[in-house]
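Let me begin by presenting the structure, written as structure tokens, before commenting on it.
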Amino acid sequence: MAFAHRGILQQIHNQTQRPITLDRRLVRCLAKGKQTGKKKLTLTEKLRSNNAAPHLDMFEAPKPQSDDSGEPSTSGSGLPDRGLVAAVGSARNSNIVKVTWRRLLKELSSLPRAIAIMALIAGLSGLGTIIPQNKPLEYYIANYPAEGPHKVLGFLSYDVITALQLDHIYSADYFYLSMALLAASLTACTYTRQWPAVKVAQRWRFLTQPSSLTRQGRTEVLPNARICDLGALLLRRGYQVFLRGDSLYAFKGLAGKLGPIGVHAALLLCLLGTSWSGFGSLKGAVMCPEGQDFQVSSFLHPGSPLATMPEAASNVMHVNRFLIDYRPDGSVAQFYSDLSLTDPRDGSELLRKTISVNDPFRYKGVTMYQTDWSLSAVTLRVLGQDAPLARAAEAAAAAASTGEDTPAAAAAAAERTAFNLPMASLEGRPGVAGRLWATFLPLGKAAPDGSAPRGISILARDPQSVVFYDASGQFVGVRRPGSGKPITVEGLQLVVEDVVGATGLEIKSDPGVPVVYAGFGGLMVTTLVSYLSHSQVWALQQGSNLFVSGRTNRAKLEFETELDAILDQVPELRPAASEAVEGAEAETGGGMSRVAGTNASSNSAAGEVTAAASME
Amino acid sequence: MLLNKLENFLQNASFLTLFLTTVFYWIYAAFYVETNVKTKKIAFDTINQPFFLLELAKNIILPKYFIAISNILLALLLLVRWEKSGHFPLSNLYESLMFLSWCSTFLFLIYSTSFTLIVDKILGSIIAPSALFMNAFASFSLPKEMQVSAPLVPALQSNWLMMHVTVMIISYATLIMGSLLAISFLILNILLNRSFITNQPNSMFKNILLNLDSLSYRIIGLGFPFLTIGILSGAVWANEAWGSYWSWDPKETWALLTWLVFAIYLHSRLTKGWQGKKPAIIASLGFLVVWFCYLGVNLIGEGLHSYGFLN
């Protein structure tokens, strides 16, 4: 059994000794870096040269790090000053445009400046919730007077508000400018800082000196330990492990480094989408009674001259029915509108759908939402022999019926005698609370002296019930539409057949929505991914001693605990045994049993290294 | 009828357990001498010892069990309300406060595995009373009419209700917890600088501060994606319901403000020289902003989210 394990260990040993293509590239890369002389430093190299880690003593308990070493330098400016000097120095050879461009990038990608822009947007947004927005001028004159004891804060009067555009902060110039600055800052930061940092993080950095290890972070030394044991343990914890000779490099959570770039990109996508919406969208609202049509394009108003009317807007929308579903306690359960979109050229129906709140009507880029309703008319029927309409109906019935069913004919005649009285809204009038519609049925001609005619007042708050008042304003009764029960008012017998409702639709055509949704989705995913911490572990085997160093960018305490747990698990070999791998039969039996227990992972360790070797 | 009785019982029981938890944690914070042993080990060690309960109590396991019990009780309460009303139990202020209380206790239980004993004491003394406050305010301060679950208005009859409101409340709970940690960091920092507590070794205090700092960063770092998802799902829902994904409604605006404040907090940690105290101040500001976003805006009286009390 020991021989089989030895074979695996030998395999690992052989793998690491085999020349890897990466080796040569790495060697060349490192060699390149050692070149002196006039060489224009790229941003990546400048950032790397500025990665000054704090000097920690070995074997000491972790101290709070005073800076996030390894992250690109984030002090007041984007590029380190040394780098800028180098850039400027070498820029004497290039033109002045490049220098200005770099300067601009440096200013834009400065983190404190970005924080200031965010704070500015936050402050302006908050201000917009305190001062009511988009109200007519009279409102501000009334509530923010220029003189008098009610002057707000001693200086905030309506002229100050209108002058500073505080009545429409969210569409003010300075607000748009702040948003544009934020977008510029995001782009500059991603370009100068985050992208090079990702490139740096992707390189496998094998360290060959214990001193380089101490520069990375907290370093521990394990006497009598083997580097491949550590490698296997790291693999079990989800690290990607690379071995080259006596040097090990492992990392996990690289996505946590890419996440912030994704966040910035998604934010830019959102901002782009909202600008596109601002310029390219059309919207409007319509209140259409049941049974009526409207042409969609007449109610779509462009947000800017750049907005184009969609093709689908040339169609005509017909409202078949509007219905309010009530619960037994009188509250509204849902609003339904049965809509048909027809092509005006040939009258064919393109789409028919019953919409409700949260379930809009969509057709080729035009969307209609159920947002409002009102009452449009009340359908009444007058009963009684002496009613003029009844007489006409009788005559019509007599003329028409020559063997038809009398009830059906009577019903048809009755229908022909029903008439619509359009209703008007009294909402907002003095003495009126809430929504109220009313209509008037006059009982005679208007008097020649111009006084108001006598008539019946009919009121309704919703399609459920209609209230009648007589000519002197006295309450007479309530009727439910469709019940067929007549009411006698001022000598007339009236039946309420129906209340004709009107559906309030919000129509919108917004080409920017897909872009905005893409930005939203990206933002949701990338903010979660950014939560991952990018951890790196380096190890170096010198004789029988194993130097281990590790660093992480986010979950520092958890990383410390995890690293402690891993190091605790690394088996300690007998001093004589660790000299030569083959000599430590008995001990490696014990030590190997641990590795044997993770045979699969050892195999995968070999597999990983091979995979790593064949990568790139 | 049975459900009503059950709901009453659960309401009172959850309040009682949270009250006892608060009392326990405050007693331990004031009097108990801390050790550095991890609580997981203690749980296993005490089972075999005599005076098992006493050992549990001494090693601060007991209050944690109480938090777990109150968490379960609150969950049951919400489930009973779901059964009674037929819709997801997050439609009014009472239910959202209960859910917030549940989230706080749940988060505490999740993160408690990575606490040392000292941090556990500090955190418990803060989280338990805040969960208690939310519970008590919902049960005893809100008028009964507001506690009753009414059928949903048409605008709320959507599957988005579950996702948007749930994620927002979870994010509020996380951010509140993280900011409370930051506030406690600031308070301890001041106490440390003024040497009010002199009989404890300084390095241990620094260790606590380091722990608090790191934990608040981590917890706020978790709450931030949740807040993002909550705001964005709200925007998508608004687009599906009213055709506009952002209408600068006060609630939306203040949610954006909260998002910006915590984005500033997360970014400020990357700035050199801004470790410890300054980000904690920003997080403390964030605490106030979260509360105003959650409750204050609803009371203003305008906009789509208002309850309209203070017109």
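Since we're looking at a predicted model, the values are computed, not measured. All chains are named by letter (A, B, ...) in the order of the sequence lines, taking the proteins before the strands, and each is independently numbered beginning at 1.
The contact between B:S244 and chain A is made by backbone and side chain atoms together, counting heavy-atom distances below 4.5 Å. For B:D213, no part lies under 4.5 angstrom from a heavy atom of chain A. Residue contact with chain A, scored on non-hydrogen atoms closer than 4.5 Å, involves the side chain of B:W259 exclusively. For A:A114, no part lies near chain B; criterion is any non-hydrogen pair under 4.5 Å. Residue A:D325: no heavy atom, backbone or side chain, is found under 4.5 Å from chain B. For chain A, no part of B:F226 is nearby; none of its heavy atoms comes within less than 4.5 Å. Neither the backbone nor the side chain of A:V263 has a heavy atom closer than 4.5 Å to any heavy atom of chain B. For A:T367, no part sits under 4.5 Å from any heavy atom of chain B, backbone or side chain.
Of the N and O atoms on the side chains of A:T503 and A:Q370, at least one donor lies less than 3.5 Å from an acceptor on the other residue.
The shortest distance between side-chain heavy atoms of A:D167 and A:Q133 does not fall below 4.5 Å.
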For side-chain contact (heavy atoms from CB on, under 4.5 Å), just list the numbers for A:D462 and A:I324, CA-CA rounded to whole Å, side-chain angles, deciding distance to a tenth of an Å, and then say yes or no.
CA-CA 9 Å; A:D462 54 43; A:I324 303 182; 5.6 Å; no

Verdict with supporting geometry, B:F292 and B:Y294, side-chain contact (heavy atoms from CB on, under 4.5 Å)
CA-CA 5 Å; B:F292 190 76; B:Y294 176 46; over 6 Å; no

CA sep, side-chain torsions, deciding dist, call: B:F262, B:F224, ring-ring contact (aromatic ring centres under 6.0 Å, His included):
CA-CA 7 Å; B:F262 283 106; B:F224 189 72; 7.7 Å; no

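The residue among B:S214, B:P151, B:A150 with the most heavy atom pairs within less than 4.5 Å of chain A is B:P151. Among the candidates A:V529, A:V525, A:V516, A:V332, the residue making the largest number of heavy-atom pairs closer than 4.5 Å to chain B is A:V516. Of the listed residues (A:T274, A:I130, A:N358), the greatest number of heavy-atom pairs within a distance under 4.5 Å of chain B belongs to A:N358. Interface summary for chain A: among B:L209, B:L256, B:L222, the most heavy-atom pairs under 4.5 angstrom belong to B:L222. Top candidate by heavy-atom pairs under 4.5 Å with chain B, chosen from A:Y517, A:F335, A:Y369, is A:Y369. For the set A:R327, A:K508, A:E506, the entry with the most heavy-atom pairs within less than 4.5 Å of chain B is A:R327. In terms of heavy-atom pairs under 4.5 angstrom with chain A, the leader among B:A235, B:A155, B:P154 is B:P154. If you tally non-hydrogen atom pairs under 4.5 Å between each of A:T371, A:I115, A:L523 and chain B, the highest count goes to A:I115.
Below 30°, between 30° and 60°, or above 60°: for B:W237 and B:H164 the angle between ring planes is above 60°, a perpendicular geometry. Below 30°, between 30° and 60°, or above 60°: for A:F175 and B:W248 the angle between ring planes is above 60°, a perpendicular geometry. Using cut-offs of 30° and 60° on the angle between ring planes, the pair B:W291 and B:F287 is perpendicular.
Distance alone, capped at 3.5 Å, places no donor-acceptor pair between the A:K283 side chain and the A:S509 backbone. Put simply, the side chain of B:E95 gets close to the backbone of B:L90: a donor and an acceptor are under 3.5 Å apart.
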